[in-house]
Amino acid sequence: MDAKYINPFINSVSGVFASLGLGEIATGNIFRKETFICRYNLTTILGISGSINGNVALSMPYDTAKKIASAMMMGMDVTEIDEMSVSALGELTNMICGQAATEFSLQNLVAEITPPTIIHGDNMKVIISQVETTAVELSSLLGSIELNLGLEI
Amino acid sequence: MKGVKLMIVDDSPAIHVIIERAAIANGYEVCAHAKNGDEAVKLYESTRPDVITMDITMPVKDGLTASKEILAQNPCAKILMLSAMGDEEIVKEAKDIGITHFMKKPFKGEDIVNAINNMILGETGE
Ligand SMILES: [Mg+2]
């Protein structure tokens, strides 16, 4: 996938983390997946349509998800993934993809986003679509996050 | 700033927590929580908050419609509208109906508190 489609998402994760006071993001490996599959405990999925079509997912271990939700909610105790933490992680995903959509609009690309869906469980393996997917390993102070872009361009 | 009565309007429970925690840490009183515009209009009448944080996209009744109804009850109501990416058109309409304070998501709790302090002090800001 062309970097011009990947970079807005990486930038928006960093930008949103900074705005929320969640610390810096370091970009690790970028690799291809034959299908859109996520294996961490918790995955937030959001659809994109317009000039860019497909799905974006943030996949992370429970530990990361709880720490992010807690940090977003001003240090509130998050011991399990409940309605409140799902709401926080949904907002986070919305903000990240909204920010990316704004970057795309500066390149005259339309990207409309759907509300996010969040699924979680032990031994998760979520197959989201058959579209070839670009995965980006991101590390933050709160743990690792895998950004997945399954986009038809 | 002590004693400010705040109503939080948002369909996302996490946003209520973020704003409430920051508000309480600053000595505000959160007098009402509404999860859609319909609840907001009703709770505005019964609790008369000093300031309202108003989400835009919500089920049942959106934030722009609710703001219009609240401003019809009290043209001096202080509304801080929380906008997301893609809300630019709605923000324009909100300005047309007299809303002067906006906060773009993503925000931290302290950003909201600073904005509210400015509203109370009568400064204009976005
Ligand atoms: Mg909303």
Side-chain angles (χ1 to χ4, degrees), chain A residues 8-9 11-23 25 44 46 48-50 56 65-66 68-78 81-106 109-116 118, chain B residues 6 8-30 33-37 39 53-60 62-63 80-92 102-117 126:
Chain A
F9 287 101
N11 295 342
S12 61
V13 175
S14 293
V16 169
F17 265 61
S19 302
L20 296 173
L22 303 181
I25 292 281
T44 72
L46 185 150
I48 292 197
S49 63
V56 176
K66 288 176 196 168
I68 291 175
S70 168
M72 281 181 74
M73 296 187 288
M74 324 271 300
M76 188 172 104
D77 270 348
V78 175
I81 297 298
D82 55 8
E83 193 200 353
M84 195 61 80
S85 34
V86 162
S87 158
L89 295 162
E91 283 291 328
L92 178 79
T93 310
N94 240 331
M95 291 168 184
I96 288 170
C97 292
Q99 197 109 300
T102 303
E103 271 204 43
F104 284 124
S105 70
L106 299 175
L109 296 169
V110 177
E112 301 273 358
I113 59 174
T114 64
I118 293 166
Chain B
L6 174 68
I8 303 169
V9 187
D10 208 298
D11 60 338
S12 165
I15 298 290
H16 284 264
V17 175
I18 294 167
I19 297 175
E20 178 168 38
R21 290 207 154 205
I24 289 173
N26 273 272
Y28 299 174
E29 178 203 339
V30 178
H33 286 275
K35 60 181 184 294
N36 61 54
E39 286 185 9
T53 66
M54 181 69 79
D55 185 25
I56 293 176
T57 310
M58 293 178 287
V60 188
D62 65 63
L80 174 63
M81 193 162 251
L82 310 181
S83 70
M85 302 296 166
D87 287 338
E88 291 73 17
E89 283 302 312
I90 298 169
V91 167
K92 263 188 216 153
F102 297 86
M103 171 72 63
K104 262 193 182 159
K105 293 179 182 176
F107 53 74
K108 287 194 279 287
E110 64 198 68
D111 300 330
I112 295 277
V113 164
N114 289 336
I116 293 173
N117 285 343
E126 279 182 34

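So you know, we letter chains A, B, ... as the sequences are listed, proteins then strands, and number each from 1. Every heavy atom of this structure was used, including side-chain atoms; hydrogens, water molecules and symmetry mates were not.
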Atom group of [X] that falls short of 4.5 Å from chain B, counting heavy atoms:
{"X": "A/Ala101", "answer": "neither"}
{"X": "A/Ala18", "answer": "backbone"}
{"X": "A/Glu112", "answer": "neither"}

Item to check | Engaged part of B/Ala22 at the chain A interface, taking heavy atoms whose separation is under 4.5 Å | outcome: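 For B/Ala22, the contact with chain A is made by backbone and side chain together.
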Checklist entry - Any side-chain heavy atom of A/Met74 sitting closer than 4.5 Å to one from B/Val17? => result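 Sidechains of B/Val17 and A/Met74: no contact.
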Next on the checklist: Can you confirm whether B/Ile56 sits close enough to B/Leu82 that some side-chain heavy atom of one is under 4.5 Å from a side-chain heavy atom of the other?
Outcome noted: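 Of all side-chain heavy-atom pairs linking B/Leu82 with B/Ile56, none is under 4.5 Å.
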Checklist entry - Is a side-chain donor or acceptor of B/Asp111 paired with a backbone partner of B/Lys108 at a separation under 3.5 angstrom? => result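 Such a contact is found between B/Asp111 side chain and B/Lys108 backbone.
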Item to check | Backbone N/O of A/Gly15 and side chain of A/Ser19: donor-acceptor pair under 3.5 Å | outcome: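 Checking the backbone N and O of A/Gly15 against the side chain of A/Ser19, a donor-acceptor pair under 3.5 Å is found.
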Checklist entry - Which one, B/Glu20, B/His16, B/Arg21, leads in non-hydrogen pairs under 4.5 Å with chain A? => result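 Greatest number of close heavy-atom pairs with chain A: B/Arg21.
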Checklist entry - For the residue pair B/Asn36 and B/Val9, what are the closest heavy atoms and their distance? => result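 Heavy atoms only, the tightest pair is O-CG1, 3.9 Å.
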Checklist entry - At their closest point, which heavy atom of A/Val16 faces which heavy atom of B/Pro106, and how far apart are they? => result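 Smallest interatomic distance, heavy atoms only, reads CG2-CG, 4.0 Å.
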Checklist entry - Which one, A/Gly75, A/Ser85, A/Ser87, A/Cys97, leads in non-hydrogen pairs under 4.5 Å with chain B? => result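 Among A/Gly75, A/Ser85, A/Ser87, A/Cys97, the one with the most close pairs to chain B is A/Ser87.
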Checklist entry - Looking at A/Met95, A/Met72, A/Met73, which makes the most heavy-atom pairs under 4.5 Å with chain B? => result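 Most heavy-atom pairs under 4.5 Å with chain B: A/Met73.
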